[in-house]
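All remarks here apply to the structure that follows.
Just so we're on the same page: letters track the sequence lines, and every chain starts at 1.
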4 protein chains.
Amino acid sequence: MGVLERQEKEQAIIRAAEEVFFSKGFYNAKMEEVAAKAGLSKGLLYFYFNSKDDLLMAITYKAFERIISTYQKVLSSIQYKTGKEKVLAIMQAYTEFSQKYFYYHEAILNYMSIVRLSLEQEKKGATGILNMETTKQSPYYQKIKSIHNKPVSLVIGAIKEGVQDGSIRNRQKPQMIYVTLWAIIIGYVKLNISMGGQDTTIYHVNPDKWQAYLFQIADHILSTP
Amino acid sequence: MGVLERQEKEQAIIRAAEEVFFSKGFYNAKMEEVAAKAGLSKGLLYFYFNSKDDLLMAITYKAFERIISTYQKVLSSIQYKTGKEKVLAIMQAYTEFSQKYFYYHEAILNYMSIVRLSLEQEKKGATGILNMETTKQSPYYQKIKSIHNKPVSLVIGAIKEGVQDGSIRNRQKPQMIYVTLWAIIIGYVKLNISMGGQDTTIYHVNPDKWQAYLFQIADHILSTP
Amino acid sequence: MGVLERQEKEQAIIRAAEEVFFSKGFYNAKMEEVAAKAGLSKGLLYFYFNSKDDLLMAITYKAFERIISTYQKVLSSIQYKTGKEKVLAIMQAYTEFSQKYFYYHEAILNYMSIVRLSLEQEKKGATGILNMETTKQSPYYQKIKSIHNKPVSLVIGAIKEGVQDGSIRNRQKPQMIYVTLWAIIIGYVKLNISMGGQDTTIYHVNPDKWQAYLFQIADHILSTP
Amino acid sequence: MGVLERQEKEQAIIRAAEEVFFSKGFYNAKMEEVAAKAGLSKGLLYFYFNSKDDLLMAITYKAFERIISTYQKVLSSIQYKTGKEKVLAIMQAYTEFSQKYFYYHEAILNYMSIVRLSLEQEKKGATGILNMETTKQSPYYQKIKSIHNKPVSLVIGAIKEGVQDGSIRNRQKPQMIYVTLWAIIIGYVKLNISMGGQDTTIYHVNPDKWQAYLFQIADHILSTP
DNA sequence: AATGAATGAGCGTTCATTCAT
DNA sequence: AATGAATGAACGCTCATTCAT
C-alpha cells in the first residue's frame, strides 16, 4: 500500500470522525460509529491514530492547515493591496470558513482551551472536553504546536503592513487590534450559530446584513485613529 | 421536611454540581463527586433532580435567574439615566458576571445550542455537550423556556429607550444593535478565557485595557448614526 | 447493610474469583465469569475491589491469613513439644494446606515474585502474571506487606527453639535450614501437582510414600549435626 | 529459500520469542514485539508457527532438546565414573542450566502442567498459562511428547547404574530417588529466584553455600541405605 | 426522605490472527 | 516467502441510574 493510499485512508477516517464528533459531540461520539462511517473496522482506527483524542487532534491539525492555507491564498491574491484590505479580506475568509466548517472553528477554540490549560497547571475552570493526559501524548497535538501561531502572525503581519502603508490609522497596538477584531468574529460566529445559522432569523436579524454591518464596524475600527 | 429545607438542599446540590461540572467538565464530572461535595448521598440527587442533564439545566436556570436579577438591579439603580447608559451598564454587568461566573456564561451558551438543535431537527453542526433526549425531558429545561427571552428583552428595551431619548443615535434595528454588542462581549469573554483570563497576558494585551477599549467601541457604535 | 453482610459478600466474591482464576488461569479468567459465579453483577465487583489485580491480592491476603492461622494453631497445639517436632508439624501442615488449597500456594509464590520484582527495579526475568503498576496500588497488596514475614518468622522461631532444646542438631544457620526444608516442600508440591496429585502415580511413585520419605529426610536434616 | 535459511529464520524467531516472552511474561508479550526483535514481519511469524501458543511450545521443545543434549554430554564426559557421580553431575548440570536459562526451566514446568491437565480432563487447579485448546493443536506440542520422557529416563538410568555399581546404596525405588532429588532442585531454583537470584541474599543465605549444602544432602541421600 | 448497594449497558482499547498483494 | 494493513472478538472498567430498605 502506497503512502498516498495510506494518506487517503487517514483522511477518510478524519472525515468520518469530523461528521460523528461534531454531530453528536465528542463525548457522545463512538469510535465504532466513526469506523462504520469510514467503512473500516474499529481496530484500524487505532492503526492510524493513537486514540480518540489523537483523532480529534488530527482534525484540529487539519483545521489549522486549512486556515493557514486559506489565509495564504487570500494574501497572495491581493498581494498589492493595502494592509487594511488584507486584514478585512482575512476576516472575511475566516468568517466564511467558520460558517462552512463550523467544526473546524470549534476544534480550534477547543485546542486553545487545551493549550491554556496546559500552560497554567491549575485545574480551576477546566471545561475542556478532552482528557489532558491522553491529548498531550497525541502526535497530532505535538504537530499543531509547531504551526498554531501561524494564523495569528499572518494577521498581525497584515495589520503592521496597514499601519506602515497608512491604511490602518488605529493607534492601538497591533495585538490589541487583532484580538478586538477576532473577538467580534468569534462572537458573531457563535451567536450566529446559536441563532440557527444562515437559514433562520431569530431576533429578526438577517445574518447577511448583520455580517455586513459588522464588517463596516471593523473597517471603522481599523480606519479611525 | 419543610419546603425551605428542601430548597436549601436543592441549592446545596446545585452549588456542588456547579463546582464539579465546571472544574472537570460536564462529562468528566461524576454524580458521586457532586453528592460527596454536597454532603448527601448519591441516591438523593435523583430525588431532587431527574438526571445529570436535569442538574445541568437547573444550573442553567439559576444562571438565567441571576442574569435577569442582575440586569434588573442595574436598571433600577440607574432608572433615570439615558438608554445608552443603561445598555452600557448592562454590558458592563454581564462582562463582570461572566468573568466571575464563567460557568454560568458557558451554561447559557450551551443552552442556546440546545434550543437551536431542538428547533432545527437537523443534527448538522450539533456540538452541544448534552444528550438531547434526556435534556428535553428535564423539568428545568422547560422552566428555562419561560424566562429565556427576558434578558434579551430587557436589553432591547433599554436600546429602544436610548433611541427614544436620543442617547442612542445608531439607526440600525434594536435587535441588530443587540446582537452586535453581544457578539463583542461573547467574543471577548471567550478569547479572554482562552488567553488565560485576567492573570496572564498572551499576545501582550492587557485584559483591562482591552476591555476598556471594547467599551469605547461599544459606546461609539451606540452613539454614531 | 451491616458490616458482616458486607464481609460475607466480599468473601463470596473472593471464593468465586479463586475458582475462576485458578481453574482458567488469571489471564484467561474473566471478571464477568467471576461475577456470574458469585451471583452478582460485574459492576459490584468493582465496588468491593479496585481491580482484577486487587482481587488476586485479596485472595493472596486470605492465603497468608490462612497459613499464619494454621501455623499458630499447630504451634499452640504442641506447645510443649520440641522445636524439631514443631518444625516438622508446620511442614506437615503446609504440605496438607498446599495440596488442599493449591491455588493459595500458587498465590503466595506469585506474590513472592512480585515482591522480588518490585525490590529489584530490573525487568529482566520478570515472569510474574501481574501488571506491577496496578498491583502496587492494590490496598490488599499493601495489607499483605504487613504480614508477609510472619510465616517465615514462625518457622525460624521454631528452628531456633529446636536448636536451644537440643532437638535440632544441624549446625547450619536457622535461615539455611529454613530455605532448605522449604525448597523440599515447594519442589514436592510442584512435582506432585505436575504428576497429577494424589490420584495418579506417574513414574510409579506413590505420593503418600514419597511424602513420608521426604519427611524422613527432613527429620534427618534437622537431627544430624 | 533453502532449508537451512528456513531453519535459521525459525531459530531467530524462537530466540526473539524467548526474550520477549520471558522478560514480559507470556501474556504481556506481543507478537508484534517478537517480530520486531526477530527483524521480521508479524505475518511471517504465522508462516513459521501456528500460533502464539505454538511458539511457546517451540521454545519448550528447544528447552527439552537442550536438556537432553546437556545430559548426554555430561554422561559421555564421565562415562567411566560411578552412577552416583553421574546423577550428581546431571543434577549439577541442570542446576546451572536452570539458572542460566531460567525460562527454559519455567517452560518445562509449564509443559508439565499442561500434560497433566490434558491427562485429567478436570480443570481443577489448572494454573497453566496456556489456552489448552490451541496448545493441543500445536505441532511442537506433539513433537515434545516424543522426547519428554528422555531426560527422566537418562537420570533413572544413571540411578540404576549407581545401584548396580554400589555407589548408590539408597534402597528406595529409582523413581522415588529421582523425584526426591528433583523436588529439591525445583524447590531450590524456585526459591532462589524468588529470593532474587545469585545477586541478593534474602534471609541472609548465601546462594552458593546453600547450593553446596543441598548437594551434600543429595549425596547423603544417594549414599545412605 | 434518605441511603448506598446493586445494576448493566456501554466504551475505548488491545492484539492474535488473517489475507490481499 | 514475505509484508503489514485489516479484522473483530474480547475485556477491564466506568458510572448514571435504580431500588430495597
Decide if atom NZ of B:Lys37 counts as having more than 12 heavy atoms of other residues, nucleotides or ligands within a radius under 6.0 Å.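 Buried by this count: over 12 neighbours within 6.0 Å.
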Does C:Lys42 get its side chain close enough to the base of E:dT7, under 3.5 Å, for a donor-acceptor pair?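 Per atom types, no contact qualifies.
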Answer with yes or no whether D:Lys52 presents, from its side chain, a donor or acceptor under 3.5 Å of a partner atom in the base of E:dT17.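 Answer is no: no donor-acceptor pair is held.
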Nearest-Å distance for atom pair CG/C1', residues A:Asn28 and E:dC11: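 Atom-to-atom, A:Asn28 to E:dC11, this comes out as 12 Å.
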Base partner of E:dA20, which must satisfy Watson-Crick or wobble distances under 3.5 Å: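 E:dA20 is paired with F:dT3.
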Side chain of [X]: nearest nucleotide among [options]?
X        : options               : result
D:Ser41  : E:dG8, E:dA16, F:dG4  : F:dG4
C:Tyr46  : F:dT14, E:dA6, F:dT18 : F:dT14
C:Lys9   : E:dA6, E:dA5, E:dT17  : E:dA6
B:Thr134 : E:dA16, F:dT17, F:dA6 : F:dT17

Are the side chain of A:Asn110 and the backbone N or O of A:Glu106 linked by a donor-acceptor pair below 3.5 Å?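 It does not hold such a pair.
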So does B:Ala29 get a backbone contact from the side chain of B:Lys52, meaning a donor-acceptor N/O pair under 3.5 Å?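 Flag set: sc B:Lys52 to bb B:Ala29 pair under 3.5 Å.
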Taking the inter-plane angle between the rings of B:Phe21 and B:Phe26 on a 0 to 90° scale, is it parallel (under 30°), tilted (30 to 60°) or perpendicular (over 60°)?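 Judged by the thresholds at 30° and 60°, the geometry between B:Phe21 and B:Phe26 is perpendicular.
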Would you say E:dA16 has OP1 or OP2 under 4.0 Å from some side-chain N or O of D:Tyr27?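 Result: no.
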Relative to the 5' end of DNA chain E, which residue comes earlier, B:Gly39 or A:Leu44, by the nucleotide with the nearest heavy atom?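 Of the two residues, B:Gly39 wins.
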Give C:Ala29 one of three labels, base, sugar-phosphate or nothing, depending on what nucleic acid heavy atoms sit under 4.0 Å from its own.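 Sugar-phosphate, backbone atoms only, no base.
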